[in-house]
Structures are given as C-alpha cells and as structure tokens.
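The structure under discussion appears below in the form of structure tokens.
Model, not experiment: these values are computed from the prediction.
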Amino acid sequence: MANHWLFVAFIAAAVSVIGGGHPMAGSLLLVVIFSRVLTLRHRPTLVIGLVVMMAFGGLLVWRQQDTQRRQVSMFQPTVVTLTVNFQPDELVFRGASYYFIGKNAQNGEALTVSGWARSAAELRQLKQLRRAQTWQIKGQQIGIMAATNFNQFDAARYWANRGVTKSVKVDQVLQRRHQKVALGHWASQWWHRQRTRLIRYCDRLPGALRVYALGLLPGVRAAEATQELQGMRQLGLLHLFSISGLHVALILTVVEWLCVQLRLQREHWEWGLLLGLPGYFILAGGGSGVLRACLMRGIQLGGRKVSVTISALDAWSGALLVGLWLNPGMLFELGSQLSYGLSLGLVLLARESGAWRQLGLTLLGLPSLLNGIFQWHLLTVLANVVLVPLFPIVMLPLTLIGAVSWPWVPMVGQWCAGLLGGLDAMLNRLAELPGNVSFGKPWWWVCWLWVALSWWLFSRPVRQRRHWLIGLLVSYGVMYGLIHLPLHGEVAYFDVGQGDSILLREPFNRRIAMIDTGGRLAFPLPKWVPPTPTTYSASRTSLNYLRSLGIDHVDDLYLTHHDADHIGDLPAFLHELRVKRLLVPAGMEREPGWRHLLADSRYPVAVQPIQVGSAVPLVVRHPYEAAPAENANSLALQGDFGGLNFLFMGDLDQAGEQKIITEHPQLRTDVLKLGHHGSKTASAPAFIAQLRPRWAIISAGRRNRYGHPHAETLATLRSTQVPAVSTQTSGMIRYVYTGTHGFWQTKIKGAQDS
C-alpha cells in the first residue's frame with residue numbers, strides 16, 4: 001500500500017474542510033479523491049478511506065457539539081472560583097501581566113487564564129516556578145472573543161480547535177501549591193520542567209540571540225519578535241523560523257550525525273531517539289510544525305524497528321492524519337499550511353532541479369501567504385535561495401553556539417547575538433527595498449485553485465511547463481486587478497475598542513480616506529514593571545483590514561483631535577502605509593504634544609489644518625476657528641456615499657453640536673456617528689431631533705471604564721426612534737455600496753440590506 005496512505009490523509013483533510021465551513025470545496029475534494037481511488041482498484045485504500053471519512057466525520061460532529069455545549073457569553077462575564085492546574089512552561093509574561101493555558105481541576109476543561117502580578121516580588125516568584133502548579137483563583141469568566149473586524153485573526157476559532165472556549169481574568173489567587181504528580185504523568189512533567197528551565201535560560205540571552213533561541217529551542221515567541229523578525233516576515237521567510245518545523249528536522253539530523261560520529265550502536269540510539277521524540281515534542285513547544293516533524297521522523301524510525309520501510313510520503317500522510325485528529329481545524333491555520341504544504345513539496349519535488357524545486361515551493365506557499373498576511377515581496381525568491389542554505393549552516397549553529405557558550409564565554413554569545421542582529425538588520429533593509437506587493441486577500445476558492453494548478457504544473461513535462469506557468473501567473477494578475485480595482489466602495493467603522501477609526505473608500509479605490517486611527521490611553525506603570533516593546537492595536541484591526549484589501553496608501557487621514565484613543569495608533573499607520581496628508585482641526589498643527597507621533601514615518605507627510613469652509617473632499621462642519629484640539633474643538637465631517645449621507649462627529653460635545661445646528665438649521669443626515677462614543681456630553685436631544693438620522697453608529701469599547709454609551713444618550717435615541725448599532729455588540733460595521741445602492745454588514749451579526 002506504498003503511498004496509498006496519501007489518499008487516506010487527503011480524505012481526512014477533505015472532511016476537515018467540510019467541517020471548517022467550506023462544505024462545497026470539501027465535498028468536491030472527496031469526489032476527486034474517491035474517483036482516483038476507484039480507478040486504482042485498490043480495495044484496502046477504499047475501505048480504509050471510508051472508515052477514516054466516517055471516523056473523522058463523527059469526531060467533527062462530536063467536537064462541534066461539545067464546543068457549543070461549553071460556550072458562554074462573549075459579552076457578559078461571570079464571577080467564578082476555580083481550581084486550575086497548569087505547567088510552569090505555559091506561563092507567558094508581558095511586563096507585569098501573564099497568561100497560561102490551564103485545566104479546570106474539576107472537569108478537565110482547558111481554558112485561558114490571564115492575570116497581573118501585583119508586585120515585583122510576586123513577578124519574580126512566578127518566573128521562578130519550575131514545578132506543575134495547582135491554583136485556586138477567583139476571577140471573571142467569559143467566552144473567548146471571536147474576530148470583531150473583517151479579515152481579523154479569529155482567536156475564538158483558533159482556541160476552539162484546541163478545545164478551549166472560555167477565558168478567566170484573575171482577580172485574586174486564593175491558594176498556590178505544587179501539583180501532585182501521578183505516576184503515569186511523571187515523564188511529561190519532567191519534560192515540562194526542562195522546558196521551563198530552557199525558556200528562563202534563553203530569556204536571559206542578549207539581543208537577537210534571545211529571540212532566535214526562544215523561537216528555535218523551546219518554541220516561544222519573544223515579545224520583541226515582531227520588531228526583530230519584521231524583515232523575515234515581509235520577505236515570506238517565516239517558514240525558516242520554527243513555523244514549518246524545519247529547525248526540528250535539522251536538530252534531529254544533527255543528533256543522528258553525532259550518534260554516528262561517536263560510533264554508538266545504531267540499534268541503541270535509534271531506540272533512544274524514538275522514545276525521546278515525545279519528550280522533545282514537549283521541549284520544542286508542541287506547535288504544528290514541531291508535531292509534523294517529530295511524527296514524520298518517529299513514523300519512519302518506528303517502521304525501521306519492525307523491519308518495514310516507510311516512505312517519506314507515507315510518513316507525511318501519517319503525520320497529517322494525527323495532526324488532523326488532534327486539531328481538525330489545522331488546515332485553516334497559516335503555520336500548519338506552510339509546515340505541511342512545504343514539507344509535502346520537498347518530498348514530491350525531490351527529483352526536480354534546484355530552480356524548479358525552489359519555484360515549486362514558492363508557488364505552493366504563495367497562496368497561504370497571500371491568504372494569511374496579504375502581501376508578498378518580489379525579492380522573496382532571491383531571499384529563499386540565499387537564506388535556505390544559510391539556515392542550517394549559519395543561523396541555527398549561531399543560535400546553538402551562542403546559547404550554549406553564554407554562561408561560560410559571554411563574549412562568544414555577544415558575538416553570535418551581534419551576527420544574528422546584523423542578519424536581521426540586513427533583512428529589514430532588504431524588505432524595505434521597492435518590491436513589496438500589497439496583494440490583498442484572494443477569494444478562498446482561488447487559493448485552493450492555485451495550489452491545485454501548481455501541482456498540475458509539475459505533473460507536466462518540463463518543456464510544457466512554461467505555458468502553464470504563464471497562465472498561472474496571469475491568474476494571479478487577474479486576481480490582483482479584481483482586488484485593487486473593486487466595483488464597490490465602503491464606509492467602515494472599525495471595532496478598535498474604546499476609540500474611533502473609520503475607513504472611507506470609493507469604488508475602484510479612487511480615493512481612500514480615514515478618520516482617526518484608534519489607540520489606547522496610556523496609564524503610568526510602577527517602576528518595577530519590566531519594559532515591553534510598543535505595539536499598536538491597529539496592526540490587528542484596521543491596518544490588517546486595509547492590507548487585506550491590498551491598500552498600501554491613504555490619500556487623506558483626518559485626525560479629529562489629539563486624544564490618544566483617536567490618534568494613538570498613528571505611528572503604525574505612518575510606518576505601514578504611505579499617508580499623503582494629515583488633516584487636523586485648526587490649531588492642532590501647532591501643538592507639540594502629538595508631533596512625536598510623526599517621528600518614525602517612512603514617507604514624508606504633509607499636515608494641513610482645516611476648519612469650516614476648508615476645501616477638502618469632506619464637508620467640515622466643525623471647528624469654526626483655531627483652538628486647542630480638545631473635544632470641544634473636534635472635527636465634525638460630512639459626506640455622501642452610496643446614496644446615503646454620513647456625519648462623523650469625533651468627540652464633539654453638545655456645545656459644538658449647538659453651533660452646528662444654529663449655523664445650519666436645515667441640516668440633515670442619514671447616518672450619524674455619535675460624538676464621544678455615546679457619552680452624555682454629546683448627542684443632545686435637540687441635535688438628534690433636527691438631524692433626524694435613520695441610523696446611529698456608536699464606537700465604544702466593551703466594558704469600558706467610562707460607561708459608554710451612556711443611558712441618557714440611548715434614551716434620547718429611543719425617544720426619537722433612531723436605531724443604534726454599536727461596535728461593542730456588533731463588531732466592525734460597514735456599508736458596502738455600488739452607485740447609489742448598498743447594504744449594511746456587521747462582523748458579529750451578519751448582513752442587512754438597506
């Protein structure tokens with residue numbers, strides 16, 4: 001049955017696709033696979049395939065029912081007192097905060113737990129934990145929030161695939177004690193202790209060596225990884241850095257080579273390696289790439305122990321079956337797609353020339369990258385050609401040498417850290433060269449088609465491939481054009497928590513404007529809290545959505561006033577996009593308090609003050625004169641899109657509203673974005689009564705400390721019969737239009753025609 005296991009694995013994959021929300025695609029894949037199996041006339045493959053299909057189908061149905069049974073509200077937390085068990089290597093720290101995946105001691109249910117160290121001593125104590133813990137905690141339990149913006153990472157789905165549906169925020173740890181170790185769990189607990197020691201050890205390494213050692217040895221993502229590996233991410237080289245498990249295969253190969261060089265008996269070291277793989281799986285972090293690499297090596301070693309030769313393709317198929325059994329949604333995750341897809345490519349393209357093999361791996365990985373991070377760099381192929389050979393002979397050895405030598409010869413560790421940091425700097429400069437293509441997110445079925453066509457290309461004789469390759473590249477060009485020249489426009493209110501950020505995009509992307517960027521209010525932290533790299537929520541929300549649309553520039557970015565919840569994420573926009581001009585309320589351009597946000601802009605940006613009467617694409621309704629850019633001087637903007645009139649009020653207060661309706665007693669609007677997040681300081685009854693909006697939009701954070709939207713404002717809307725939609729409960733809200741007709745969509749509640 002050599003290589004027939006590939007069909008069985010693909011049958012399980014097709015069932016997974018059906019359960020993952022694509023029944024048509026999964027069913028089509030099943031038909032294709034079973035048709036091929038029938039033509040082979042191999043009855044064992046057919047029988048096993050049918051058994052696997054029913055088993056996986058039953059597993060998916062059971063898991064979905066179990067997940068639904070255990071789900072709780074994503075919006076209303078409940079106070080609970082729980083006893084949770086967890087391993088110390090699960091603890092992840094960011095500043096004084098921590099989180100881990102624990103298990104409810106009563107029913108064994110996995111859940112995410114987050115908390116905050118209340119003192120430097122408590123934080124130090126947490127970082128010194130080395131044994132499995134049992135904590136009794138009191139806190140707030142809530143369902144894991146699904147993606148609240150379109151094309152955003154869906155944390156609820158990610159964790160549900162791993163059997164986790166609840167999150168607990170710790171208010172108080174009532175009791176801490178070491179977990180009792182059962183005899184059957186002694187080995188796994190020992191490996192978890194070693195991983196904890198390895199993580200804490202790597203965490204003390206200098207500079208870039210720390211980031212590489214954490215990622216490649218215990219499989220931990222350092223907080224600085226986003227900055228350190230930015231160039232590697234943009235160049236599409238993440239598969240080198242633990243995401244594909246390539247480093248695991250290399251480390252296992254090195255171990256085998258050392259055993260041979262030390263002239264150890266093959267019988268002994270093969271058994272040792274086979275028995276040690278589960279422990280190494282724990283030590284390396286247990287990610288999908290690590291699982292695949294360990295399973296493939298273990299399956300082949302196990303076959304050798306029973307005198308059965310197992311091909312790399314059958315080992316890959318077995319690894320896919322086990323991976324899908326543990327995580328049925330694995331195929332919808334970028335890391336798993338790259339790990340399993342590229343490893344399959346290495347197996348099936350082994351006999352191709354170096355150039356064709358590299359092209360094949362690029363074509364196989366490209367659909368996943370475009371679907372996951374929405375961009376691709378023209379230098380990616382060159383970077384892969386250069387860095388893939390360097391990874392096993394330079395990057396991985398530098399990491400291992402630096403990590404091992406640091407306690408005894410710090411100079412060597414510093415030298416390795418410097419070389420790795422220099423490599424990162426080189427990649428960052430390379431990624432900033434012209435050639436980064438903001439492709440956008442292709443339709444999912446097109447990505448599947450591209451993968452199928454890539455395999456079809458390599459099934460053709462070499463002399464025929466150029467024609468097929470040209471056709472494949474043309475299809476990428478067509479998809480690029482459809483994404484970048486859309487027939488529709490949109491007005492989108494992002495869910496950025498307690499803040500504002502709005503996209504105004506015209507059909508064919510003729511003009512792209514934004515109102516505010518969102519941001520977080522910064523509160524002073526105690527001096528003992530370790531510093532953490534600056535991050536911006538916009539990277540996960542609004543900027544992520546813009547990248548999914550293939551947008552790499554903004555023509556006009558309106559900043560309504562200087563509050564951090566409206567402009568705090570401006571540096572992320574200026575670094576990621578080409579912003580042609582910033583439009584601010586008259587007077588704000590002279591304020592020094594916000595100008596530091598412009599310091600790291602990648603492109604020159606013009607700052608233009610505006611007020612009532614300024615000649616800009618949107619009609620400026622406020623301010624009337626230059627003044628400090630506080631709430632009272634906030635921009636109020638108005639425009640027509642898709643047959644509707646929109647009014648955006650920023651944080652303007654009732655005094656400003658009164659000025660507007662006094663100056664324009666006939667002013668009306670269809671869609672009103674309430675001022676100041678629905679606070680009672682805005683949305684005066686007289687203002688709402690005169691405007692007579694058909695809809696009111698509220699942008700506010702869930703469970704925010706200010707109580708927005710205020711009950712008084714909601715009562716005003718009810719009394720004037722104005723329906724309100726809030727990002728708190730509906731997530732991102734967008735109006736998609738063509739010509740003068742359109743429809744409303746909310747991320748959490750679906751679509752509704754206007």
- Query: Can you check whether Phe641 and Tyr735 have ring centres sitting under 6.0 Å from each other?
  - Reply: no
- Message: Quick one: does any side-chain atom of Arg668 pair with a main-chain N or O of Gln690 as donor and acceptor, under 3.5 Å?
- Response: yes
- Item | Worked check of salt bridge (charged side-chain N to carboxylate O under 4.0 Å, His left out) between Arg547 and Glu576 | CA-CA 9 Å; Arg547 283 193 293 266; Glu576 294 286 333; 3.5 Å; yes
- Task: Might you confirm whether atom CZ of Arg705 has over 12 heavy atoms from other residues, nucleotides or ligands at distances under 6.0 Å?
- Result: no
- Item | Geometric class of the Trp135/Phe100 ring pair [parallel <30°, tilted 30-60°, perpendicular >60°] | perpendicular
- Query: Do the side chains of Leu583 and Val616 get nearer than 4.5 Å, heavy atoms only?
  - Reply: yes
- Any Pro507 side-chain heavy atom under 4.5 Å of Tyr737 side chain: yes
- Which atom pair, heavy atoms only, marks the closest approach of Leu717 to Ala724? CD1-CB, 3.7 Å
- CD1-CG distance between Ile551 and Leu546, expressed to the nearest 0.5 angstrom: 5.0 Å
- Is it the case that His561 and Asn633 place a side-chain donor and acceptor less than 3.5 Å from each other? no
- Can you check whether Pro685's main-chain N or O pairs, donor with acceptor, with Thr716's side chain at less than 3.5 Å? no
- Query: Is atom CD of Gln76 surrounded by more than 12 heavy atoms (other residues, nucleotides or ligands) closer than 6.0 Å?
  - Reply: no
- Polar contact flag, side-chain donor to acceptor under 3.5 angstrom, Asp552-Ser438: no
- Task: Could you check Arg621 against Glu657 for salt bridge (charged side-chain N to carboxylate O under 4.0 Å, His left out), going step by step and ending with a plain yes or no?
- Result: CA-CA 9 Å; Arg621 296 298 184 190; Glu657 294 172 350; over 6 Å; no
- Side chain of Trp594, backbone of Met588: donor and acceptor closer than 3.5 Å? yes
- Would His562 and Glu630 count as having a side-chain donor-acceptor pair, cut-off 3.5 Å? no
- Message: Whether the Arg702 and Gln728 side chains hold a donor-acceptor pair (N or O, under 3.5 Å, no angle test) is what I'd like checked.
- Response: no
- Query: Do His741 side-chain atoms and Thr738 backbone N/O form a donor-acceptor pair below 3.5 Å?
  - Reply: no
- Query: Are the side chain of Lys103 and the backbone of Leu111 linked by a donor-acceptor contact shorter than 3.5 Å?
  - Reply: no
- Rounded to the nearest 0.5 Å, what separation is found between the CZ atom of Arg520 and the OG atom of Ser537? 4.0 Å
- Can you tell me how far the OG atom of Ser501 sits from the CG atom of Asp565, to the nearest 0.5 Å? 11.5 Å
- Message: Show the nearest heavy-atom pair for residues Pro665 and Thr662, with the distance to one decimal.
- Response: CD-O, 3.8 Å
- Query: Among side-chain atoms of Thr517 and Asp569, is any donor-acceptor pair under 3.5 angstrom?
  - Reply: no
- Begin from the C-alpha positions of Ser548 and Asn151 and carry the test side-chain hydrogen bond (donor to acceptor under 3.5 Å, both in side chains) through to its verdict. CA-CA 7 Å; Ser548 75; Asn151 295 333; 2.8 Å; yes
- Item | Expected output: side-chain Ser730 to main-chain Thr727 donor-acceptor under 3.5 Å | no
- Starting from the C-alpha separation in whole Å, work towards a yes-or-no answer on side-chain hydrogen bond (donor to acceptor under 3.5 Å, both in side chains) for Ser634 and Asp651. CA-CA 6 Å; Ser634 177; Asp651 270 3; over 6 Å; no
- Message: For Leu504 and Phe648: C-alpha separation, side-chain torsions, deciding distance, then whether side chain to side chain contact (heavy atoms under 4.5 Å, CB included) applies.
- Response: CA-CA 11 Å; Leu504 311 172; Phe648 311 96; 3.7 Å; yes
- For the atom pair CG (Leu582) and OG (Ser601), what is the distance rounded to the nearest 0.5 Å? 8.0 Å
- Query: When you check the side-chain N and O atoms of Arg540 and Tyr545, is any donor under 3.5 Å from an acceptor?
  - Reply: no
- Can you name the closest pair of heavy atoms from Arg63 and Asn161 and give their distance? NH1-O, 4.0 Å
- Message: Are the side chains of Met649 and Leu637 in contact, using a 4.5 Å heavy-atom criterion?
- Response: no
- Start with the C-alpha distance between Arg694 and Leu644, add both sets of side-chain angles, then the distance that settles side chain to side chain contact (heavy atoms under 4.5 Å, CB included), and finish with yes or no. CA-CA 10 Å; Arg694 295 162 62 185; Leu644 296 179; 3.4 Å; yes
- Hey, is the main chain of Gln106 close enough, under 3.5 Å, to the side chain of Asn104 for a donor-acceptor pair? yes
- Message: Quick check on the 6.0 Å ring-centre criterion: do His566 and His677 meet it?
- Response: yes
- Side chains of Ser683 and Thr713: is there a donor and an acceptor less than 3.5 Å apart? no
- Query: So does Arg581 pair up with Asp556, basic N to acidic O under 4.0 Å?
  - Reply: yes
- State, with a plain yes or no, whether a side-chain heavy atom of Ile515 is found less than 4.5 Å away from one of Thr560. yes
- Determine the minimum heavy-atom distance between Met732 and Ala492, stating which atoms define it. CE-CB, 3.6 Å
- Task: May I ask you to test the Tyr99-Glu90 pair for a side-chain heavy-atom distance under 4.5 Å?
- Result: no
- Within the distance-only criterion (no hydrogens, no angle test), does the side chain of Glu122 pair as donor or acceptor with the backbone N or O of Arg118 below 3.5 angstrom? yes
- Message: Taking Arg69 first and then Asp66, would you say they form a salt bridge - that is, a charged N and a carboxylate O separated by under 4.0 Å?
- Response: yes
- Message: Students often mix this up, so state it plainly: with edges at 30° and 60°, are the rings of Trp744 and Tyr493 parallel, tilted or perpendicular?
- Response: parallel
- Item | Nearest atoms (heavy-atom pairs only) where Glu589 meets Pro609 | OE1-CB, 3.3 Å
- Distance-only donor-acceptor check, side chains Thr541 and Asn149, under 3.5 Å: no
- Query: Which atom names give the shortest non-hydrogen contact between Trp528 and Ala117, and what distance separates them?
  - Reply: CH2-O, 3.2 Å
- Message: Can you classify the ring geometry of Tyr624 versus His622 as parallel (below 30°), tilted (30 to 60°) or perpendicular (above 60°)?
- Response: perpendicular
- Query: Side-chain donor-acceptor pair under 3.5 Å between Arg505 and Asn509, yes or no?
  - Reply: yes
- Item | Salt-bridge criterion met for Arg162 and Glu333 (N-O under 4.0 Å) | yes
- Is the backbone of Ile512 close enough, under 3.5 Å, to the side chain of Asp555 for a donor and an acceptor to pair up by distance? yes
- Rounded to the nearest 0.5 Å, how far apart are CG of Leu557 and CD of Gln608? 12.5 Å
- Judged by atom type as modelled, is there a donor-acceptor pair below 3.5 Å linking the side chain of Glu490 to the main-chain atoms of Val736? no
- Item | Intermediate values then yes/no, salt bridge (charged side-chain N to carboxylate O under 4.0 Å, His left out), Arg70 and Glu109 | CA-CA 9 Å; Arg70 292 187 288 109; Glu109 181 182 6; 3.0 Å; yes
- Between the side chains of His676 and Thr681, does any donor sit under 3.5 Å from an acceptor? yes
- Query: Which of these, Val619, Thr669, Leu672, sits in a side-chain contact (heavy atoms from CB on, under 4.5 Å) with Asn645?
  - Reply: Thr669
- Item | Spatial distance of atom CG (Leu652) from atom CG (Leu635) [nearest 0.5 Å] | 9.5 Å
